[in-house]
Every structure is written in C-alpha cells, then in structure tokens.
Amino acid sequence: MKLFEYEAKEILKKYGVKVPKSVLVKKGEDPIEKMKQAGLEPPVVVKSQVLVAGRGKAGGIKMAKTWDDVKRLVDELFDKPIKGIKPRLLLIEEAIPHEVELYVGMVIDRSERKPVILASKYGGMDIEEIAREKPESIIRVHVDPFIGLKGYQARLVGKKIGLTGKALSNFAKFLTALYNMFMEYDGELAESNPLALVGDEVIPLDARLIVDDNALYRHPELAKEILEESGEYTEWEIKARKKGLAFVELDGDIGIIGNGAGLTMTTMDLVYEFGGKPANFLDIGGGASAELVKTAVSFLVEFPKTKKIFMNIFGGITRCDEVAKGIVKALEELGKLEKPLVVRLAGTNEEEGREILEKHGIEAFVDPIEAVKRLMEL
Amino acid sequence: MKLFEYEAKEILKKYGVKVPKSVLVKKGEDPIEKMKQAGLEPPVVVKSQVLVAGRGKAGGIKMAKTWDDVKRLVDELFDKPIKGIKPRLLLIEEAIPHEVELYVGMVIDRSERKPVILASKYGGMDIEEIAREKPESIIRVHVDPFIGLKGYQARLVGKKIGLTGKALSNFAKFLTALYNMFMEYDGELAESNPLALVGDEVIPLDARLIVDDNALYRHPELAKEILEESGEYTEWEIKARKKGLAFVELDGDIGIIGNGAGLTMTTMDLVYEFGGKPANFLDIGGGASAELVKTAVSFLVEFPKTKKIFMNIFGGITRCDEVAKGIVKALEELGKLEKPLVVRLAGTNEEEGREILEKHGIEAFVDPIEAVKRLMEL
Amino acid sequence: MAILLDEKTKVIVQGITGREGSFHTKLMLDYGTKIVAGVTPGKGGQEVHGVPVYDTVEEAVKEHPDATASIIFVPARFAADAVYEAVDAGMKLVVVITEHIPVHEALKFINYAKQKGTTVIGPNCPGLISPGKAKLGIMPGHVFKEGPIGIISRSGTLTYEIGYALSKQGMGQSTVIGIGGDPVIGTSFTEAMELFEKDPETEALVLVGEIGGDMEERAAQMIKEGRFTKPVVAFIAGRTAPPGKRMGHAGAIIMMGTGTYQGKVKALEEAGVKVAKTPFEIPELLRQALKK
Amino acid sequence: MAILLDEKTKVIVQGITGREGSFHTKLMLDYGTKIVAGVTPGKGGQEVHGVPVYDTVEEAVKEHPDATASIIFVPARFAADAVYEAVDAGMKLVVVITEHIPVHEALKFINYAKQKGTTVIGPNCPGLISPGKAKLGIMPGHVFKEGPIGIISRSGTLTYEIGYALSKQGMGQSTVIGIGGDPVIGTSFTEAMELFEKDPETEALVLVGEIGGDMEERAAQMIKEGRFTKPVVAFIAGRTAPPGKRMGHAGAIIMMGTGTYQGKVKALEEAGVKVAKTPFEIPELLRQALKK
C-alpha cells in the first residue's frame, strides 16, 4: 500500500527526522487560516496529495510566494487531476531554499535477499533515468536484515555521495531513521527524493513509503480505503477488487480469464500471437469455486471493453466441473451471455466439465490452440 | 536500574499484556476516591511500591476485603518500612482469584552469551530456592539475540511447564511480550512472579524489570532519582554516589580504598587475612585525579564506621604522585586526619608519590603485606 | 535419482489438520509420498489420514528421526515461525506452500535457513514432484510422468500445463520444481540448476520464467559461463503484459527497466537457449535440443 | 610465539584522536607495538604521533592491508558500531577497551564477531600484552617482563600487581590478557586457555578470577577433563565480599548461589589447581607447580 507524502513524513517524524513545517488542507477549509494557526507564512509549497508517480512534472507541486498565491493555488490544485486523480488533500509546506538535492531510497534486493540502500548525489530528477545513464553514480549497500544498518555503513553511504563533517553525520542519522522505518513498517520501498542539503542539515522535501500489503495486518493504523485515490487502479479495476477479483484492465477487446497468473499471462500472449488484443487480465487463482467463476464471467460480460471472452483453465487444484458449473450459473443469472465465450478446459475432471458446458451450448476445447483459433473466428 | 512494579506493568501494557486493573496512590491522597473513579472495588490488593526483593514476605502486600480494610491498610503500609524503605507510592489492584502460580523470567546467560528464558510451574515462592532444590523443574531456553524469540520456542516453554490449549497460546503471547520488553528496554532482568493462571488466561500479578544502567541514555523517559527509595543503597552509599564514588558499605571498621575493583576486593581480603574487618569497598578506578582521591579520603574520614583507613594503590594508568597529592589535599582541607591512614603505593611514579607523603608525615609502603601489618598494629 | 525428493524421503506436514493441509496430505499419500508425521500446535495425539499428529516438529522428529523434509500449509501469520521450527529441528528441505507471507518475514527465514544449511522452496509455490517417486506439493500428480526432463518454474498452473504437454509427448520428468512467485524465494533458478546439473537422471531442462526480476538473466549467465551444461529450453510468460502493471504476482512487476520479456529472451538466446513462444512449442524444441 | 599478539602484529587504533586513544597510542608505540593506522570518522587525513588517521576502517585497511588487529577507544555509544566495522573489515583480533557499553549491544557484537571468526577481547578490559613484543592495551608496560608464564585475568589493576610480583621474582610472561569485567565478554577463561595450551612458549598459567559468574568453574572443568595440561595457579578476588552486593563490576554479583568464592576454590582445587590466598603467594605456588 502506498502512503501519501504527508503520512510518510508523519511517520518519519516518529523516527526523529526533522521535516518541513506544514499544514494539511481539506477541500473547503481556509488555507490562510490554517497556515496562520500553524505559524506558517509564504513562501510555501503547495503539494497535491496523490499517490501517482511524477506528480511534480504533472503540475501537482506549486510554489506560493504570497497569501494570494496560496489562495489561488489551493483552489487550482484541488481542481486539477494528476494523471486522472484529483487530490482529496493538499500539503502546504514551508519553502526550504536549498542548492543540493540528494536521492536516497531502499528496496529489497530479490537476488541477494537483503534490503539494499540506493543513494545518489543527483537527487531531484528522475532517479531511474540516472540509474540508466550513470549507473556508477548510484551507491548500493546491502544490509543484513538481522543485524540492521550499522552506523559505519550509513556514514559510508554518505561519504560515497560526497558528504563530509556534520552533513555526513546528519545524513547517516536520516538514513538510519529511513531504514528503521522501512524495516518496522514492512516497507516494499522507502525513499526521499529530493533530500535537500541545507547547510549541514538534510531535510526530506519528499518522502515515500510503500507498505507490503501482506503485512498490513501488522499496521492496522494504516488500513484505509484508498483504492479510488491511489491512481493505481481504473474504475473497473476498483470494481473488480471490491468483488475480490484479481483483474487488470488492458487496451484490447478480448476478455481473458485464466487460473494462475503465469497461465493467465500466457493466455494473453497466445491471444496476441493469433492477432487478438486482450481487454484484461483476470486470474481466478487455484481451486476456484463455482461462485467465483460465476462472478468473474459476469464481470467480464458487463465490462464494456470486451467483445468476446476467452477462458483458459488447466485443472490442477481447480476442478473443471466446478468451473463449468460457475459458467452455467452466470448464464442462468444473466439469462443469456451477451458476448461470445470460448472455453478451454483441461486437467482435473475435464470431461465432466465439458459435458456440463456442452449441455448448455457452450463450446469447450481441450487444445488451447484450437480454442484460440475458434475465438478469433467469432 | 530497577523499575517499580507499577512501572513494569505500565510498560507491559504497551506490549499488549493484560494486567490487573489498578490505581496508584500517593501519601495524602484518598484511596477510596481514587478507586471509585477507576471503578475499582474491594476485594483489592494493596502493594507497597518498593524496590527491595522479598516484599511480600516482609509484609508489603496486603489483601483488603472491605472499604475499611483499604483505608486502614493504606495508612499502615505508608508507614511501614520494607527492609528499611518506606514506600512513596502504593498500588491498589483488583484481587485476582487464582489457583495456579507460574514463574517466568529472563536474564542474559554470560557463558552462552545469549538471553535465557527461565520458567517454572512452581511460581509464587522463592524461585531461587526451587532452582536449588528442583533444578529440573526450571525450564531454560536460550534465544538467538538477532533472530529473537520464535513463536514455537515460546509455545515449547509453555508446554514444558504443563500448559495446553488456549492457556498455552496465551502464555506464549505473554512470554513474547515479556521478551520483547526485555530486549527493547535493555533488560538485565525481566520477570513475572507469580504469573497467575486464571482459566485460560495468564495474568502477571507481579512484574519486574531491571534496566542496564549503561543503556539508560536510550530510555530517557525512565531516568529519575530513585537512589533513596531503591532499597539497594544505604544512606552513606547514596551520599557516596552523589559524590561520584564507587562505594559499598560493609560491616567492619577499617576503611578501604583501592584502584580497580579486583585490587580493592583483594585489599579487603588481605585485611581480613590479617584479622581486620573492612568497613567498606571504595574503588577510585583507573587514572584517578588528585581531586577524586581527596574526595575519597575525606569521605572515609567522615564515614562514621571507619576507625582507620587503608589505601592500596598499584599505579598503572593511575599515577602514584597524583594519588599522593590528593591525600595531601584532603589533609590540608580537613586540617588533620582524624583517623590513622596507611598507604601502600607501587607502580607508576611510586617514588615521587612516597616522597610527597613522607613530607607530610604519612606512612607509605611498597609491600602491601608490610602495610597491612602496620595497619593492624595501629 | 531426481533431485531433493525421492521415494525414500520421509516427510512431515506442518499445518496437517487445516483444510488445505489435510486435503493435500491425502493426495500426497495417494501419490506415494512417505509422510511420517504431521504437526499442528495443540492438536498433538490426533491422526490425519492415518498420519500421527504432534504439537511440535521437535516431538515429531523425536518419534520419526528419519524425517528430513517438511511441507508447510500453515496460515501466513504463522508460516515464518513454522519455517524456523522446521529448520531448528534439522529439516534439510522445507517447502512453503503458504501465500501472502510478508516479504520481510520471508527475507529473514530464508537467510536463516541458508545459514543453517536448509533448502527452502517457496513461499507461495506449488512445491515439487519427482514423478513416479514422490510429491511434496499441491500440483496434480497425474499430469507428470517419470522421465529425463527437469522443470523449474516460477508459475503454478503453467507448470501443470507444460508438464502435461511433455508427458503427452512421452517426455517424462525427473523432478519438477515450482519455485514460487513471491519477490523473495528460497530457491532461485540458478540454485535449482546447480542441483539438476549434478543429477545423472536429468538430461535436459525446461525453465518456465516470467517477466520481472532477473532470475532468467542469471540463469542465462550461468549457462553462458558453462556452469550448466545440459540442454535447456525456456518459456517466459508475460510477453504481452504491459510493463509496470501488477499481474497478480508481486513477482511480475517490471522494475527499473530490467526484467523485460525482450531482455530475458535476448539473454537466454545469447546463451544458446531456445525460447518457446507458446508452452506448446516446448516439447518440439526440447526434442531438437536433445538431438544435438 | 606468545598468543594473539606479537612484534609482527599490525594494529589499527579506532578512536585514535580522542584523549584516551591518543594517549595510549603513544604508550603502545613506545612499547614497540606496530600501529599502522588510526581511525576517527571525520578526522581522516590527520596524523596522531606519526600514525595516519582515516575516516573508516575500510580505508585504513585499503592502505594497510597487513593490519589484522584493532583496539577500540571510542565512547560507549559508538563502540558497538566500531566493533562491527572492524569485524567487517576483516580484523582477526579486536580489543575493546571502552567501558559502559550496554550489555545487549555487547551480546550482539560478540555473537556477530564469533560468526565471522574474529576474536574479541573485552569490552571494559585493559587489553593484552606479550611482554617484550607488543602491547595492545592500557596496562603499564614496565611491570611485565618476557618469559614463560601466561596470565588470564578478569581484573585490571590486580593483573598489574600480579605481573609485577612475578616479574620481580624473575618469572616473566608470554602473554597477559585482561579479559574484562563486564557480564558478557568476547573471550572467556576457557577460550583463552585453548590458545595458551597450544603456545609452546607458555609453560604455566595464572588465572586471576573474581567472585560471580562461572568462568572459573568452567576453567576447572576444562583442566579436570585434560583439555588444559599445563600447570595452573589461580587467585580469586572477593573472598570476603558480601554476596549479592555490587562491587563496582557488574561482573562481581553473585547470582543464584553459583559463583561463590568457596565454590570456585573447591572446583579449582579438585582440578588440581593451587589457589593463592593473596596475590603475593602466586610466584611461590607457581614455582612449586613448575617443579612437579
């Protein structure tokens, strides 16, 4: 789960990090009043609290030099969708004059199976671009997850991005705080970009934290309904998630259902191979019940992008007869399927499954290639 | 630093442990009023908040069955010194009827260099006695300090002290909380004795936590002046600590000063060997300044138990001339030494030191045996 | 031979009394797997499909000292602890079926197991099977047949599909490992390949990859450097998946420009590996590779 | 020979620019110790008594790859980190002079060092000296003389006293180790004894113990089992200290009835070790032990 900038900064404060003074403004609140209460004056930065990447480039961060600017920019930003998402909150933050912008972040290195810290003296720009163009400018340090980030390692990172003296020790403190937050909050990613160097101090102008969804039960205070504003999901993806479906919207017009992510992706590939374009990815997972199958089929029938539907099931734990029953249920509930459906059934109880389908006039193939060919003819 | 029962229980609560409902009462406060505010009614247990061990046996824990009992016992306990210490606070706690009392505690095993958990089904009595008489009844489990207490280990401990089912899993939860507190609070010891088993629940009727003094800087919220009420120190030990002296009061009449704990203890042993009885242990440590030596000597002159003083210095880092200067300073400040002083000086700058002392008429020996003999003649 | 698992391996099932654990214990027993004990805390003394249940792995091992492998079906919140327990009890192989385990926990127990010399497969994996010998997982046993082909796969159902395709063409398998789809897993492509390289029964290998991560690239590197010398055919799922979208598997995110379909295919082809466009081409490519 | 330290050992001083670090660097250099580098974060580029200072141990080792030992004078709050840095930089021997290190930190860095094969002496110790060869500590060098007696001591000043008594009687020392007085230390009696057992230069051993803990009892057990075969004389400080009182050293608390003076003497005597009543008896007892 992605946290908002203001949330990540609140958490960082608990780790002793100094963040810029700020107020959080909801739509309808008077930003001037709130700023005055907090002792905050222009110049300030007004920041759209959306979870999409590239918010700055998309115009979601504005400098306000006067009280009038604040009023105007707050109204402007509340009405401005960033990559399709309008913010529910704005963060108004003191402007921090600075010359040097650093980058620091951390993720889990899958190959090394260790947290890895990434840092660069070239913050403030697209760090991925820098990683591509000047890979040597990105410092990488692995951390033993049991021992934790040692103080000398934190200083070493700072030294390698060119810091010395008091700035170095302030950076090391910040990095340690960020690492501790990353570990204690089950981070998939924690980063600050840019991390401003102001004199000897380091100040996170932005902060990001993505928490592992599988670990959210350990952080109940973070749990919330943010699907709509995450910017990660389309309208139909949100509908699907609410129905418990693992669904991703794509650009084509052929609805895809598979069991298992690998097989479902492969089904998409197969459709492409034969000239079709998938409208979605929908994985019913292992051991799906008839009820789930019904939900999935009904959902793709409703989903306006699909013109026809291809369902590719290889029964392992999933039983083909159960799948067939689910399809029939959908058919019964909807009266009839408005869109053509081609089913491939193989594996556990495939014959029972095909029999059920054929009784209801639905084509069921064993060979996926034949099935795709038939699909493309429809 | 030893924490009070109520402090340890407050901390345990942060770890999700259910502790008995209670109120804390200061002298002069109305216990009835406070209990009513907290929704607490007799029967309750009134507990003297002192840091000495064996508080229960010493009469510091009383059951109050009626409101009258509460009033009477509160007055009684505030006036009752437990091993010489009167409580500043009383804890009034709901009485928890129970039949089974368990013991669980943890310390650091020096040999294994690992935290070790000790548990027994025979709690509520003197655990040290049980450890002596039925060593096999004490379960010992070592924990890897980097990995932490694993869930299965916690259950194993519970199983080995005879728990099953829901009680076992509640015990494992409690043990994990206690262990986490022990580690995060730099515990020298954490324990609960007795830990009551009430139905399936485990409830700590008492809780103890001793925090490593060297780690107190990491727990500033605990820092406080508790010397007087700790029960660990005598009046003169407290005076000494305030002067920065490592001083322990003993039963004899010969004042002892040494440099280094081992040498100081050996000096005590030597005095005993020649028929004397040390009045104290006072270690001036390594590299002592003349100022510290002066403070130490003056202190022992004032300390009423001492009839004569023996100072045994082997100069390594400590310089004998610096020590001699300190003695002379004490002499000058006090006018004269009211009590005979025998000094043994050897090691770094021993000759310079002896010369300084002899000028002021203080006997200085090289050989400690000769020095002790002289001491005993005085 | 096969790798990691054969008809003599004695197995403990952790979480045996749960719905999944009990169901798959039955299927594994039916397949011939030597399951000697089950573990569920608090359920010691029961039996599941004739298998005695213990409260702890320690107790199970005391009664069945020849047990060397464990398969874990316990819920995500307790799975990490089950792995530690299995490792501390001396298991040489631990298969973690459980999905939704927090990645920081997996990170730790995998590092721990490695230190102690235990092989972990998974988490979030279908397990492994040495066809005709034993099955330590949740795959349908009947789609696999005994033979000389090793399979290492990041994907579950797709593995069954491929195993089935191979079996139908008479190309049986020595051992099939579903290594799991989570970001951090106990056994990677290259680690499994080291074992297949040494297995005399395995004559060729099928790698079933996915977009995301760099395991396929590392496998290619290993082959290029001559550290894996048997014929290899690969298939990569997700050729047409849009970059950066989550595809159900967290493992299928394309990060930092690495892990693209094209990059993986290029790396593998440069190492001399034939990459199938669909799973159904694999048998034919394998036949060609074996002929050389 | 000596153990752990000799005239060829190349040493790094961590915390060299501090008051203590700088002072003892001078004394160690005067004694002949080969100090090749110092480390203080942020002070790289300076010199202390002619010794070049670096910001990190990594940099020091890069310039002085023959350095194998480190001595730590940094303040308690930073000492644990200094140990990790020394261990990670490949030091084989790390002497921790610093006192007041939280015991939970010592616990961790000692376990860590052991895993990585680094010997830690201390914390809260005077260090060690191989008389006539090198000194890696804060003891006064002049009280020790070269010779065949090994000393392992839990106490600082008392060690100087005993070393001095031995030297005066012409009984020089191979290596003298002050193992430190904290509850958890890197090298125990028995661990140091293993090294002395193998050292051909050491003909006899003096153990200087204290009340509390069970290190003396373990040493006795080792001797009894024949794992240490050279003559041993022991002295235990604290014969007349009241039980349960803190005697300046946390290490001197008597816990749970173990660690009493009487218990230790009994264990040692049963193992055939002569126990001196005062430090001044040690030379004579040693002479007798060596004669046998």
Side-chain angles (χ1 to χ4, degrees), chain A residues 107-111 113-115 128 131-132 144-146 182-183 186-188 212-218 232 246-252 258-266 268-273 277-278 281-283 285-287 312-318 346-348 367-369, chain C residues 20 24 76-77 99-108 110-112 114 126 138-140 142-143 153-161 164 181-186 188 208 210-211 213-215 218 235 237-242 245-252 255-257 277-280:
Chain A
V107 291
I108 287 167
D109 183 326
R110 298 166 176 215
S111 311
R113 297 164 177 129
K114 285 191 165 60
E128 294 180 30
R132 258 192 305 279
D144 181 320
F146 289 114
F182 176 71
M183 294 302 283
D186 284 287
E188 285 184 344
D212 177 6
D213 287 343
N214 288 335
L216 274 179
Y217 75 90
R218 290 204 286 236
E232 276 188 285
F247 170 91
V248 178
E249 184 170 339
L250 301 168
D251 295 331
N259 63 324
L263 182 64
T264 311
M265 283 199 282
T266 301
M268 285 163 49
D269 297 348
L270 211 57
V271 166
Y272 262 102
E273 189 69 17
K277 288 196 84 181
F281 163 99
L282 199 172
D283 171 14
N312 186 8
I313 302 298
F314 191 92
I317 308 316
T318 308
T348 310
D367 183 336
I369 307 287
Chain C
E20 293 284 302
H24 288 291
R77 293 190 189 195
E99 57 180 349
H100 299 308
I101 296 176
V103 66
H104 282 257
E105 288 189 7
L107 190 69
K108 286 179 183 161
I110 288 168
N111 275 284
Y112 182 76
K114 204 170 273 290
I138 61 171
M139 61 283 283
H142 65 273
V143 305
S153 174
R154 290 175 63 184
S155 172
T157 321
L158 190 53
T159 314
Y160 317 156
E161 175 92 79
Y164 190 55
D182 274 3
V184 175
I185 53 174
S188 67
V208 184
E210 271 181 18
I211 51 171
D214 65 355
M215 251 194 290
R218 286 173 184 255
F235 173 75
R239 179 155 56 111
T240 61
K245 279 268 186 180
R246 273 176 177 263
M247 300 307 277
H249 280 180
M255 281 184 72
M256 295 235 169
K277 282 220 174 108
T278 74
F280 315 100

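As the structure is a computational prediction, the values presented were derived from the model and not from experiment. Numbers restart at 1 for each chain; the letters A, B, ... are given by sequence-line order, proteins then strands.
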Could you report the tightest heavy-atom contact between [X] and [Y], atom names first, then the distance?
| X | Y | result |
| --- | --- | --- |
| A:D269 | C:A241 | OD1-N, 4.5 Å |
| C:S155 | A:G262 | OG-CA, 3.2 Å |
| A:D212 | C:V103 | OD2-N, 2.7 Å |
| C:G186 | A:R113 | O-NH2, 3.3 Å |
| C:N111 | A:K114 | OD1-NZ, 3.7 Å |
| C:P140 | A:T348 | CB-OG1, 4.3 Å |

Whatever's closer than 4.5 Å to a heavy atom in chain A on C:F235 counts as side chain
Honestly, the part of C:I110 sitting under 4.5 Å from a heavy atom of chain A is side chain
Face-on cation placement of C:R239 at A:Y272 ring, 6.0 Å and 45° thresholds:
no
Heavy-atom side-chain proximity of [X] to [Y] below 4.5 angstrom:
| X | Y | result |
| --- | --- | --- |
| C:H104 | A:I108 | yes |
| A:L263 | C:P279 | no |
| A:L270 | C:F280 | yes |
| C:E161 | A:T266 | no |

From the list A:G258, A:A215, A:S111, the residue making the most non-hydrogen contacts under 4.5 Å with chain C is A:S111
Whatever's closer than 4.5 Å to a heavy atom in chain C on A:I313 counts as neither
When the 4.5 angstrom heavy-atom criterion is applied to A:F182 and chain C, the contacting part is both
When rounded to the nearest 0.5 Å, the distance separating CD of A:E273 from NZ of C:K277 is 5.5 Å
d(C:T240 OG1, A:L250 CG) to nearest 0.5 Å is 8.0 Å
Among C:R77, C:M215, C:M139, C:H142, the residue with the most heavy-atom pairs under 4.5 Å to chain A is C:R77
Review point. Has the side chain of C:T157 got a donor or acceptor atom that lies under 3.5 Å from a matching backbone atom of A:F314?
Key: no
